[in-house]
Amino acid sequence: MRHLLNRVAATLPVMAVVAVLVFLLIHLSPGDPAALIAGDTASADDIARLHAALGLDRPLWSQFLLWAGRLAQGDLGTSIFTHVPVSRLLAQRVEPTLSIALLTMTLAVAASIPLGVLAAHMAGRWVDRLVMLFAVLAFSVPVFLVGYLLIYGFAITLGWLPVQGYVPLSKGVGPWLSHLILPCVNLSLVYTALLTRMTRATVLDVLHEDHIRTARAKGLGVVAVLGHALRCAAIPIVTTIGVGIAFLIGGVVVTETVFAIPGIGRLVIDSVQRHDYPVIQSVLLLSAGLYVLVNLLIDLSYRLFDPRIRA
Amino acid sequence: MTSPAPASAAPAATERHARRSARRRRWMRKHPPLILGAVLLVLVAGLSLAAPWIATHDPQALDPLARLAPPSAAHPFGTDALGRDLFSRVMWGGRASLVVGLTVAVLATSAGVLLGLAAGFVRRADGLVMRLMDGLMAIPDILLAIALMAVTRASLTTVIVAITVPQVPRVVRLVRSLALSLREQQYVEAARALGTRLPVILWRHVLPNMVTPLVVQATFIAATAMLTEALLSFLGVGLPPQIPSWGTMMADGRNFVAVAFHAVLFPGLFLAATVLSVNLVGDGLRDALDPRLSRQL
Amino acid sequence: MIAPTSPQAEPQPNPRRTATPSAPPLLEVSDLTKHFLVGGKAGRGRAGGVKAVDGVSFALDRGETLSLVGESGCGKTTTGKSVLRLIEPTAGSVRLEGEELLGLAPSRMRSHRRDMQIIFQDPYASLNPRLSAAEIVAEPMRNFADPAWRGPGALRDRLAWLFAKVGLRPEAMAKLPGEFSGGQRQRLGIARALALKPKLIVCDEPVSALDVSVQAQVVNLLMDLQAEFGLSYLFVAHDLAVVRHISHRVAVMYLGRIVEIAECERLFTDPQHPYTRMLLSAAPIPAPGARTTRVLPIGDPPSALNPPAGCRFHPRCPMARPICRETAPPLIPHGSATGGAHRVACHLVS
Amino acid sequence: MTVPSPQADQAGRPPLLDIRDLRTHFDTPDGTVRSVDGVSYRLEARETLGIVGESGCGKSVTALSVLRLLPTPPARFAGGEIRFQGTDLLGLSEREMRRIRGNRISMIFQEPMTSLNPVLTVGRQIAEAVTLHQKIGRRQAWQRAVEMLRLVQIADPERRAGEYPHQMSGGMRQRVMIALALACHPDLLIADEPTTALDVTIQAQILELLRDLQAKLGMGIVMITHDLGVVAECCDRVVVMYAGRKVEEASVADLFERPLHPYTRALMASMPSLQGRGGRLAEIPGMVPAPQELGTGCAFAPRCPLATERCRRETPDFTGAATGHGVACFEAAPARHQPVVLHRHAGARP
Amino acid sequence: ADAPPVTLRMVPQADLKILDPMFTTNYVTRNFGYLVYDTLFGQDSHGVAKPQMVERYSRSEDGLTWHFTLRPGLAFHDGSPVRAADCVASLRRWAARDNYGRAMTAAGAEWRVDDAEDGGRNFTLTLKKPFGLVLEALSKVSGMIPVIMPEKLAEQSPSQPVTEVDGSGPYMFKRDEWVPGSKVVFVRNPHYAGRTDDPDFLSGNRTGRIDRIEWIYLPDANSATAALTTGEVDMLELVPPDYIGPLRADGDVRVVEGGAYQANLIVNQLHPPFDNPKIRQAVLHAVNQEAVVAAMGYPPDLRLAHCASFFICGGANDTAAGSEPYRKPDPALAKRLLDEAGYKGEPVVVLLPTDYASLNAAALVAIQTLKSIGMTVTVQSMDWATLVARRAKKDPPASGGWSVYVTQAATFDANSPINNFMLGAACGNGMPGWPCDEALDGLRADWIRAGTPEERRARLDGFQERAYQVVPYVPLGQFSAAFAIRKDVKHADRLWGDVPQLWMLDKAAGAP
Ligand SMILES: Nc1ncnc2c1ncn2[C@@H]1O[C@H](COP(=O)(O)OP(=O)(O)OP(=O)(O)O)[C@@H](O)[C@H]1O
Ligand SMILES: Nc1ncnc2c1ncn2[C@@H]1O[C@H](COP(=O)(O)OP(=O)(O)OP(=O)(O)O)[C@@H](O)[C@H]1O
Ligand SMILES: [Mg+2]
Ligand SMILES: [Mg+2]
């Protein structure tokens, strides 16, 4: 319990740093948010009034305190362009993004761990070479190029899957899934590559450790030995899953654009193009929070995998 | 030293040289990805550098009446939505990718080394630097780059900065962890015992022993940077369109994917080939120089 | 219970001393203590942490070899490095030729480094793999500009001399450490330690990693150098045969404390502390049938994280009495014949 | 050839282990490494055979060859056979081999710290071996694990079985390794430097334990070590290896009394003794050759004071096996008790 | 029974951000306005203003006093009746921002509720000076349209958009289903009181036939087009130009011409070099309209090789007056004019939008044009939102201002001296570019006051002749946009102009 609290407490400074960074990012920018909010026909007076109303004339630190204070109360502000509370905008878009992220992660983990273990077992042979070639290719080809290829092939030419969009889970698992397959396959390629490489490298490392020789000297077969190795390799792999969350969130921006999915990624792109700062800030905070949260969970999960950490 | 020494040293030297080059050849044969990557990279870089002589058209000349033409003899890669010759643009466009890749790798690595060494060797700096890096790491790379682009005007410099900033924490963490382990190395301890000053220790003992992982890391950063540049351009927040780059070309072409796939395909292929070559070089270097790195990088 | 911070008496004048009686010994360590904080981040570790070295005192004369022996983790390395301030001791005093080293400013400390050097156990890890042999040996000389080796010519001569001293051929100068064998690397380490003409060398298990045949070469070299330059060695080792061969005096450590210290000959022929006896009886003798009976300690060594109260050896001591559980025995002189040079920390030895 | 004939012993049973002219080579990018190049030895039940030699001479490779635990490639059996109770192990399929490993032949490794799986309880690791080879349930297997831990003198085995390796000291881990190795009552135990990483007191405990267990369970033991002391204490016969070859084989008493091979003699002379502080140790000049640098001729010739032209040209056969004391040396056989004149190292004048 | 609602899915031309059609000139917001709000008058496909909410109206002899009476039964979405007071408040709000509204205010317009008790159905407009375009103004199709919203909404500050939505239009906005950036949902307004006459453009019976309308914003041209061909959506409001050809070839899809547009080069007339009309003329001479519209991607049949008018060619006000010198692009003449005007290489700062493909293309051609006549061009790329903010700056180009940007205007923002957003701007206006020519202002006022069509025509010609001399902006060419609708949607042939009249469409129940 103490441990848990300690861990949770350790995330606070990270989030505080993120908050400062996010705040500074916008406030050190050259544009004037007030001019943007006021719109294209506003007069200089209008802008000046807005400037004051938004508190933009105050010193930076006081603006930060004001902003952070509201943030602490869960008030993310209001979108400059749609005048809708940012929290509502985000809430509307969480489902598609989470769906993509979770499904992608599931696909990637399910594919990469067997692949990585296989490659490690076959290290140096052609299976390994093939797997590594796939991994390096997936790392090298731009996500969106693959996305368009997938759309072209599976949605337009073959017509098996929808081209774009998102159907909420409440409309049925079938439609939901059919809309997610292409984007998730697209996105999972990179993630799978990352995890496969990591799995291979760690398992390969473990396979060189002394206790694996002990296991083999006991008479264990290949599968059991690989099982042993995978257990020992769990922590780096799980860590990579966590670090990969950042990868994933970044990738979601692209896939959502390519597959026209109304998720948080699309929101952020729209907002960037319109300088809708409250939205950008909130998305940055949200994704950093998600990253920190996932990595906190992963951190806590280490104890499941490695008894040495339980002490 | 008297005269016999050089006389006997000369054959020894040539012999050692011969042995080394033999070893190098063997070593290269053992690492086909490295060779493949290096050859590919040299090829792409060569084409980009030779663009002024290879290009058949002015890469910026518009010809609206001949837009989106499929590949033909006059336009080997076809034309884009404004009738510009894609072949010439692709040849020229490599420069942006290479410049971005190289600059980001150098900048991120240098910044990372400075901060990482500070964190690893100056106890008071450690907390501050690492908290800052944790904060930066928590924001996904691409989002951070996008956000940075949102607050600045698009230009080569801003794109490079926006791509560099998210990469720095990675290097810092690597350098710091290397520094922490090198700090405990006996030869560093020995240097302290010998009265060597900290800056000299860093320069003579710590930095040279970081070079291998850093070079490998830098290649991966270069590859990531090229992809990110294309990605930012694709999302409309990257290089300004007047700079021909594979990324901006694909961004230009993305609206025409279904009617003129070639406008995306050719720059995409070149980008993929370049990134692939850099990744192969990185992987190859890692495996060749220090196989244990594969877990860290 | 109230345990005295140091159960050991102040160092006594050493009868082996060669200088005038009024001059201080070369090295005088008293009450040296080092506690490592454990448990990761500062503050959250267990109070006190690992008591790696807990009140160690001894003196070392010019031209003398004092060995530290004991089981793994008893604090030998920590003691050696603390003397050089490669590890910052928690408390105590280290005096080199009478001058206190602890608390010296880094710049002042640096100038003392010329007099004290260290040779490490691992001949692979202690040489920077990217520097040539000549650069490695020249490093200390570059750090301290001395007229004797200032200027490239003088430096080269000095290097050649050093290489010859440790039995390396001059051609070896250009090679990288990776191109040497273990024994040759250890010679490089010795040459580097020797470069500044130190008075004291801490040898942290310098031969443990070497093969028997090479070990003999290095042991001989160390002894030759001592004879030639009057060096003093603080010799950390666990191979009792080597220790017996090379030392003048031996200190036996157990869990951060010295339990017995004596002239080498005496310690091996007339060990007093039960732990010393066990240590000696445990060493395998390369002669079939030589071993008669063997008394071994009970169980495993306790952890330095929370050492037992009283005599630290009592849980493993077959002769332990109630008092051993309660009071830590002081390190007191044993036998009048030794003039106080043989000291034992045991309630059972009078 | 002087390989002992494959005839059965008096009882008509084949020997427990009979290695004949084993050659294990490694194909590396830098050429073929002949790590084991013609090694033969024989072991009877209840016998302990010591194998000594310096680092890299092929002791471990020989042992791993027996269990076929070397990765192939790069390892390759270039010749010879390994008969275990009459069956040639090199001819078995991987599946058949697996049934032998951990069941009829077990192995203990040098590093107790890393040879156990850090994420599984020790009880489970032992029980796993038991369920693998014997048709018993999980509960019984666990019971067996606890029994084995008790057998190797681990206190409170029920609790310890549920602990992880990191919760144990080095000595305890090595005992767990022994328990694991003996869990299926193997006929042959190969111990590859089982005590090198341990303190002397713990080493003595472990060696005693092994002796005890051998008396109880009656397995044959191959004891690999580089410490002649260990050999003297616990082996019946000894094989001395140098650079991938067997250079001498004798009963322990014979070997220590009248070592025949110059290498064996030099080895013994170079060891400091516990008997007194000595002058200079006898050195063996040079170093152990790297296996890929081996040419023709006796591998020890470059370091050997007795070497002749012939030694450098021809590889000496192993002779005298029938007498129970064999040696591979042209110069050795007649030279009983002849003093060996050893080189003094040129650079190390006193 | 619970038959699933018949749903029409349309890809709008842009994302709906602002919900107040009297606040912004955004076309999406306007289209949104026509769905959820109603107007007093509606234009038919002949450009004639027809009473819409108004049952009857009268005009005094001198044209200075107008009486309006609302149709009975009009109701807002919550069922409450539409009152004269709501109209008056809405019109006042509109007059504060719109060009027409301001012009009317300048003519002394005053709005008044007639029957004081609870707001009634009658209200009055009084003017101090003659204003010939009252009905045109009240039925204006573009820019900020005079919709009628409840009094309490209309009374909010006109410098902030109204964020609530409550209208009396044919459809209701489903705020709970609104996903900004992605989806806007409308359902049929049960309280809508339609007229009895047939629907015609924005007039007549606008009662919706389809139960539910979803606007699904798909910024990616490929996705949008693919979604239409696979039937995931029923309609694209604005077909990406390059996909017009492929969609025409698709048997399930009908491509409908969707109103004329004019591409424009806006020049900043506050600062050199474009404060000099001669330099503006030079640019006008240099422009090759065909290249511009070709670059924008429109197929040949939807673009004009050359439009010799500031107004929409083929529209009500099409006239060639004064355009004679500009019939052919003449770079040589342009260069000469530039020399004569004393152009000395002052830098021309072009704002290049990166996120609108067709504007980007047009701008790039414009840049090439400017360079080709020897102007020093500095390009600054930015997204449209930044550009919109930047263009409001009056600073000199060298210190953060700008010289040139490219935009486009649909028919109703181009086709008259007052509709046309640049020609309609008088001196002292806030329109970026800040055109100011006193003579032109006078001619415009004359045109507004003109009583008869003939008179108006003549004054229009005069106005355009002057415009060709002072060049308030540079027209870059004219093209037609296109809708695309799946063939299972009925009545697509009734669509006209660039406003999607979704209330006219119908779809068989049960169709996907
Ligand atoms: N940096 C450190 N942090 C925490 N504990 C340490 C540290 N260094 C040493 N210790 C602990 O201090 C104790 C003494 O360590 P030291 O290395 O001095 O032992 P040693 O006698 O040299 O052992 P060995 O024979 O194994 O080299 C051990 O318990 C060790 O775990
Ligand atoms: N996988 C391998 N590839 C190449 N060479 C190998 C491999 N394994 C062992 N060798 C070589 O075989 C030789 C014998 O090694 P081995 O491990 O048997 O030595 P050892 O006698 O057990 O030494 P130590 O006392 O250090 O354990 C060494 O020179 C080693 O370099
Ligand atoms: Mg030590
Ligand atoms: Mg070995």
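Just the heavy atoms: all of them, side chains too, but no hydrogens, waters or symmetry mates, feed the values below. Chain naming here is simple, since letters A, B, ... match the order of the sequence lines and numbering starts at 1 in each.
- Contacts between D:Val252 and chain C at a heavy-atom distance below 4.5 Å involve backbone atoms as well as side-chain atoms.
- One distance of note links CE of C:Met278 with OG1 of D:Thr201; it measures 9.5 Å at 0.5 Å rounding.
- Using a 4.5 Å cut-off between heavy atoms, D:Gln153 makes no contact with chain C at all.
- Looking only at side-chain heavy atoms (C-beta outward), D:Asp227 and C:Pro284 come within less than 4.5 Å of each other.
- Contacts of D:Ser55 with chain C are made by both backbone and side-chain atoms, with heavy-atom separations under 4.5 Å.
- Across D:Ile202 and C:Arg316, no two heavy atoms sit closer than the pair CD1-NH2, 4.2 Å.
- Here the closest non-hydrogen pair linking C:Ala283 and D:Val200 is CA-CG1, 4.3 Å.
- Between D:Ser270 and C:Ala216, the shortest heavy-atom distance links the atoms O-CB, 3.6 Å.
- Proximity to chain D (any heavy atom under 4.5 Å) is restricted, for C:Val219, to the side chain, taken from C-beta onward.
- No side-chain heavy atom of D:Leu281 sits under 4.5 Å from any side-chain heavy atom of C:Gln215.
- Between C:Gln217 and D:Ile284, the closest heavy-atom pair is NE2-O, 2.6 Å.
- D:Glu54 approaches C:Asp211 most closely through the heavy-atom pair OE2-CB, 3.0 Å.
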